Amino acid sequence: MGADFETHLKNAVRFHGHLCGGQVLGVRIAMAGLREMGIENSRGDEGRNLVIFTEIDRCAVDAIISVTGRTPGKRSVKVMDYGKMAATFLDTASGKAVRVSMHPDAQEKITALMQPHMPAKNEKSANIEALKVISEGDLLKIQPVHVAVRPQDLPGESLRSVVCACCGETVRDMRELYCDGKALCRPCAEKTAYYQPIGESA
Ligand SMILES: [Zn+2]
Ligand SMILES: [Zn+2]
């Protein structure tokens, strides 16, 4: 049996570290996604081929991980970072996929549902209450989608592992780029990296 909303929320809050709107939203998105995929227990056999693409890198991701047991380290959660409150649930075996997003009209309804709680409660708790009670139809948009997932992005063994001709570090999963026939890691090939070495000449 799958856990109910309150159980999922309690677990998500424990995992994430605090109760916030993102936990409520993330739990609701994850539960809707699993249901649409016909998965009751994603930690069991039926969730084996489930890969989730989240479109935000904030609080809700932790709730989705907590509910589903899918994680970036298992390559079964991909954070797309579009800054949007949405997630797509993909069965890599069947190709079936469903995208669950916050309904474009939801905010107006959430704001209305917050009013009875204010000013007794602060805006954050009023928002949490509203997110709990708003109907799924008002909160979420659910659409079947097609996801073209590259073989090198799937869970499982690395398809390839090469050594960068410039820095000598190993690059897995076909993330290398080729320049004059030489395999290079992306920072070396594009000369862009999120970090700059300190006290080391290039
Ligand atoms: Zn949070
Ligand atoms: Zn390199």
Side-chain angles (χ1 to χ4, degrees), residues 3-34 52-73 77-87 100-103 106-107 110-111 113-114 117-118 121-134 139-140 152-153 158-202:
D4 61 20
F5 172 78
E6 288 299 336
T7 306
H8 278 311
L9 184 62
K10 204 172 74 192
N11 292 338
V13 168
R14 193 183 303 135
F15 177 63
H16 179 60
H18 63 233
L19 172 63
C20 58
Q23 297 316 293
V24 180
L25 260 173
V27 167
R28 294 197 66 173
I29 287 173
M31 290 182 75
L34 292 180
I52 302 167
F53 297 77
T54 73
E55 298 183 21
I56 196 154
D57 69 347
R58 288 178 169 272
C59 298
V61 179
D62 282 351
I64 292 169
I65 289 171
S66 171
V67 170
T68 63
R70 316 318 282 167
T71 70
V77 167
K78 313 283 188 195
V79 180
M80 305 311 287
D81 198 12
Y82 294 166
K84 296 173 75 174
M85 187 55 77
V100 183
S101 55
M102 194 160 158
H103 198 288
Q107 195 49 58
I110 292 164
T111 306
L113 286 166
M114 284 168 67
H117 298 291
M118 290 164 76
K121 286 185 172 177
N122 65 30
E123 203 174 310
K124 191 185 157 195
S125 6
N127 183 245
I128 288 168
E129 290 311 314
L131 289 172
K132 281 184 182 177
V133 299
I134 186 172
L139 179 65
L140 303 176
Q152 62 264 43
D153 294 335
S158 283
L159 295 182
R160 189 158 71 217
S161 186
V162 301
V163 172
C164 173
C166 180
C167 67
E169 294 181 356
T170 296
V171 182
R172 289 176 58 165
D173 301 311
M174 300 166 76
R175 267 48 172 176
E176 76 274 17
L177 297 172
Y178 287 87
C179 188
D180 297 330
K182 282 187 209 153
L184 298 174
C185 72
R186 270 182 58 192
C188 288
E190 296 174 345
K191 298 195 169 34
T192 55
Y194 68 90
Y195 61 89
Q196 295 299 322
I198 294 171
E200 194 184 291
S201 56

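Order of listing sets the numbers, starting from 1, for every ligand and every atom in it. Note that the coordinates shown come from a computational prediction; the quantities given were computed from them, not determined experimentally.
Among the atoms of C167, an N, O or S atom falls under 2.8 Å from the Zn ion (ligand 2).
For C164 atom SG and C188 atom SG, the angle they make at the Zn ion (ligand 2) is roughly 110°, to 10 degrees.
Other residues, nucleotides and ligands contribute only 12 or fewer heavy atoms inside 6.0 Å of the CZ atom of R186. For Q196, the CD atom sits in a loose shell: 12 or fewer heavy atoms of surrounding residues, nucleotides or ligands are nearer than 6.0 Å. For F15, the CZ atom sits in a packed shell: over 12 heavy atoms of surrounding residues, nucleotides or ligands are nearer than 6.0 Å. Counting heavy-atom neighbours within 6.0 Å of E123 CD, excluding the residue itself, gives a total of 12 or less.
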- request: Report the C-alpha separation of N11 and S66 in whole Å, then their side-chain angles, then the decisive distance to 0.1 Å, and conclude whether the side-chain hydrogen bond (donor to acceptor under 3.5 Å, both in side chains) test is met.
  value: CA-CA 7 Å; N11 292 338; S66 171; 5.6 Å; no
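The main-chain N or O of C59 is found under 3.5 Å from a side-chain atom of Q23 such that the two form a donor-acceptor pair.
Shown here are the protein N/O/S atoms lying under 2.8 Å from the Zn ion (ligand 1), water excluded: H16 NE2, H18 NE2, C20 SG, C59 SG.
The closest side-chain heavy-atom distance from T170 to V162 is not below 4.5 Å.
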